[in-house]
Amino acid sequence: MPTIIIDEQEVEFQPGETIIQAARHHGIEIPHFCWHPELSVPGNCRICLVEVDKMPKLVIACSTIASEGMVVHTKSEKTIDAQNAVMEFILINHPLDCPICDEAGECKLQDYAYNYSVGESRFIEEKNRKQKHVELGPRVMFDGERCISCSRCIRFCDEIAKKPELTFVQRGDRVTITTYPGQPMVNPYSMNTIDICPVGALTNIDFRFKARVWDMSSTKSICTGCSRGCNIDIWVRNNEILRLTPRYNEQVNSYWMCDDGRLNTFKYVNADDRVDSPQIRGEGQLRKVEWEEAFDETVSRIKSFSKDEIAFVGSAHATCEDNYIFAKFARSVIGCGNIDFVQHIDPEFGDDILRVNDVAPNAMGAKLTGVSPSKSGLDIDGIKKAIREGKVKALYILEDDIITEDPQFENIITKLDLLVVHSTNHNKTTALADIIFPASAYAEKNGTFVNINKIVQRIRPAITTVDTDRALDGMEMSRLDKFGTEFDRWATGVKVDAKASWKILVSLSGLFDHKMKFNMAEEVFADMAKNIDAFKGLNYDDVGDSGVKLNYQFIEQKVKA
Amino acid sequence: MEKKAAKIRKKDLTFLQKIYIPEIMKGLALTFRNMIRPKFTFEYPEEKFIPSGSYRGRPVLVEEKNGEERCVACGLCSRVCPALAIDVQAAETEREKERYPEKFEIDMLRCIFCGFCEEVCPEEAIVMSKDYELAFSSREEAIYGKDKLLVPVDQLQDRIDFLRQYK
Ligand code: SF4
Ligand code: SF4
Ligand code: SF4
Ligand code: SF4
């Protein structure tokens, strides 16, 4: 491979790569505002100027193609002078807004002012005033003064979201960003512009002023909005999720996520309608009970049915671990083969960017882990029919609001003698349940999802329940989490009394003859890796932060079966 | 253990020193002088000590003449506070500065009166007052909200003038 020399270090590059790309692939940072690895190269911010031997002037590293034998200096006196001059120029009209700016703490301009500028300005005139409080669309707020005209947002809309909704207007120091008259920015990926805007010119209306970034912890997880499984970070302060941001994963979502996933998949976790203790229905009313009582009641009532009178509905919203233990519970503990799950398909949702029509995160995982009927068992339609005919009298549902998904269930469920439901929140299905177990939400437990492309990915607990402990369970901790005590209002956020579904099922199995022994999600996964071909030999470390592609062939067979 | 014999230090005292009387007179003179001097103790709490502008009493929020707080809820004081005493929650406002503290609480059991919050504040919105009278009978009472923290700017002029000397 051809090589160039950057700062006396010999660096290999692919023909056609630019200097900034070659440097980046070898861990050498060249500052950049307008350049983004997934967008076209406009070369307008000039902060990436570098000195190259035998070139008369400094060149911009983002658009200069590397060529054999080039000698590049990113730390020479000339380069440093240029960086300082560009910073001074950009800061001429930049307001001193950091105290009221949501970007502070994760702002490229702040970071570069610290790293690449001597911090002195010769500008004594009045700074420009521009419009500060402009809603570009329902989800994105624009501040004209903070904008450094890098055009990343415009290029994102044009090139990634394929909706050219933004443009520059005016010239010189009056240049600003706008949408076309009467046409707000509404594309389903609009909020990615907030992440890529190097400054606080674009901010998240939903998250605006909710917290400073340095007060939150961030936990690597997976979006549950559809079966693309975009990689995300969950941002938490005082045990409350405040925002989700996309996390880079080349094979799944690149740097992006959709607005729907970003806004609509976390609020239920901190909502008031969480199921916050086991509940049993007596004389028509739900009553909160202790875990032990709920376990005993469930076991004694299930035992009163023959195994053909029971059916199990797994969940495409639950993790592989939950579904695996659920299937094991149905088959080995109860001895029942009537097990299936409900697909969540929204034909309107998908597009050709990220979103897919299967709007549950783990349909593939549910199938793989055995949530499908045994040879003589009933599938979901069979279960419906059997309930209607009175053949199935007890139904056990894992984390799925099947009535909202499939309204046909509403009438037939009333025919049941027993309905046991695991649920995170109260919904139409729990409204008819006889026994409800509070299930941990995806942000409260460890587990795995298998996405539409058969990539198994991990979720991790970001907020604590009564059952978990931030420090002891190795969860991400902010400064406030580390030093807060039980007397600090800012460290005593609500904890729901919920457990991961697999844990609830393991406890239940202890009251039958077939006791399951698992203490951690990792052990469940290890058992899956032993018994399911697709997961053979895998463990949580292999899955890691960016997932592992499962054996393709095997899944195809399994789905058909 | 064997005890070492203490060394005896010999002093060459003059005769006058040996008889002590002049020294006693000197001591008494000091005592009498102070007896007739003005007092510098106070009959607290009937009488109050009013410290100078350099005093660091409990931190308070500056309330402008129009009744609004100066604070923009940037959270820098909360970040710099070594004792984690300050809890700020920002919210949106129509005012020009866009944000204000919806909640501002200082846990006076945590505060160590270091004055870092005052030093870091970009708005001169939190200053150390002259108030040193802090007594509570429960943890709850020790958490001061905006109701107790906001103090009109007129009452804080001393401190603000003091701070401006060093800007
Ligand atoms: S964009 Fe960055 S530098 Fe500008 S005000 Fe916001 S935080 Fe400060
Ligand atoms: S709004 Fe942000 S991303 Fe768009 S041009 Fe301005 S600085 Fe760049
Ligand atoms: S495309 Fe799907 S997984 Fe990705 S952010 Fe949107 S809803 Fe979430
Ligand atoms: S530093 Fe000043 S402006 Fe910022 S939150 Fe504290 S008191 Fe308010």
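In what follows, every chain begins at residue 1, and chains take the letters A, B, ... in the order their sequences are listed.
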(message) Tell me whether the count of non-hydrogen atoms from other residues, nucleotides or ligands lying under 6.0 Å of CG in D272(A) goes above 12.
(response) no
(request) For atom CZ of R489(A), decide whether the heavy atoms of other residues, nucleotides or ligands shown that lie under 6.0 angstrom number more than 12. (result) yes
(message) Taking atom CD as the centre, does E125(A) end up with more than 12 heavy-atom neighbours from other residues, nucleotides or ligands that are less than 6.0 angstrom away?
(response) yes
(message) So for atom CD, which belongs to E120(A), do other residues, nucleotides or ligands contribute more than 12 heavy atoms lying within a distance under 6.0 Å?
(response) no
(request) Let me know if I143(B) has heavy atoms under 4.5 Å from chain A in its side chain, its backbone, both or neither. (result) side chain
(request) Please state whether the side chain, the backbone, both or neither of W490(A) comes within less than 4.5 Å of a heavy atom of chain B. (result) both
(request) Answer yes or no: is there a donor N or O on one side and an acceptor on the other, between the side chain of R212(A) and the main chain of C74(B), under 3.5 Å? (result) yes
(message) If you count every heavy atom of other residues, nucleotides or ligands that lies below 6.0 Å from I50(B) atom CD1, does the total exceed 12?
(response) no
(message) Distance alone, cut at 3.5 Å: any donor-acceptor contact between the side chains of E92(B) and H133(A)?
(response) yes
(message) Heavy-atom cut-off 4.5 Å, strictly under: side chain, backbone, both or neither for E102(B) against chain A?
(response) neither
(message) Determine whether a donor-acceptor pair (N or O, by modelled atom type, separation under 3.5 Å) exists between the side chain of Q89(B) and the backbone of K210(A).
(response) yes
(request) Mind checking the OG1-CD1 spacing from T93(B) to I100(A)? Nearest 0.5 Å is all I need. (result) 10.5 Å
(request) State, yes or no, whether a side-chain contact exists between K132(A) and E96(B) at a heavy-atom distance under 4.5 Å. (result) no
(message) Other residues, nucleotides and ligands only: do more than 12 of their heavy atoms fall within 6.0 Å of NZ on K26(B)?
(response) no
(message) So for atom CD, which belongs to Q131(A), do other residues, nucleotides or ligands contribute more than 12 heavy atoms lying within a distance under 6.0 Å?
(response) no
(request) Look at atom NZ of K220(A) and say whether more than 12 heavy atoms of other residues, nucleotides or ligands are closer to it than 6.0 Å. (result) no
(message) Tell me the closest heavy-atom pair linking R146(A) and E98(B), and the distance in Å.
(response) NH2-OE2, 4.3 Å
(request) Sort N238(A) into side chain, backbone, both or neither according to what part of it lies under 4.5 angstrom from a heavy atom of chain B. (result) neither
(request) Output yes when D488(A) and R110(B) qualify as a salt bridge under the 4.0 Å nitrogen-oxygen rule, no when they do not. (result) yes
(message) Is R139(B) close to chain A through its backbone or its side chain, or both, or neither, when contacts mean heavy atoms under 4.5 Å?
(response) side chain
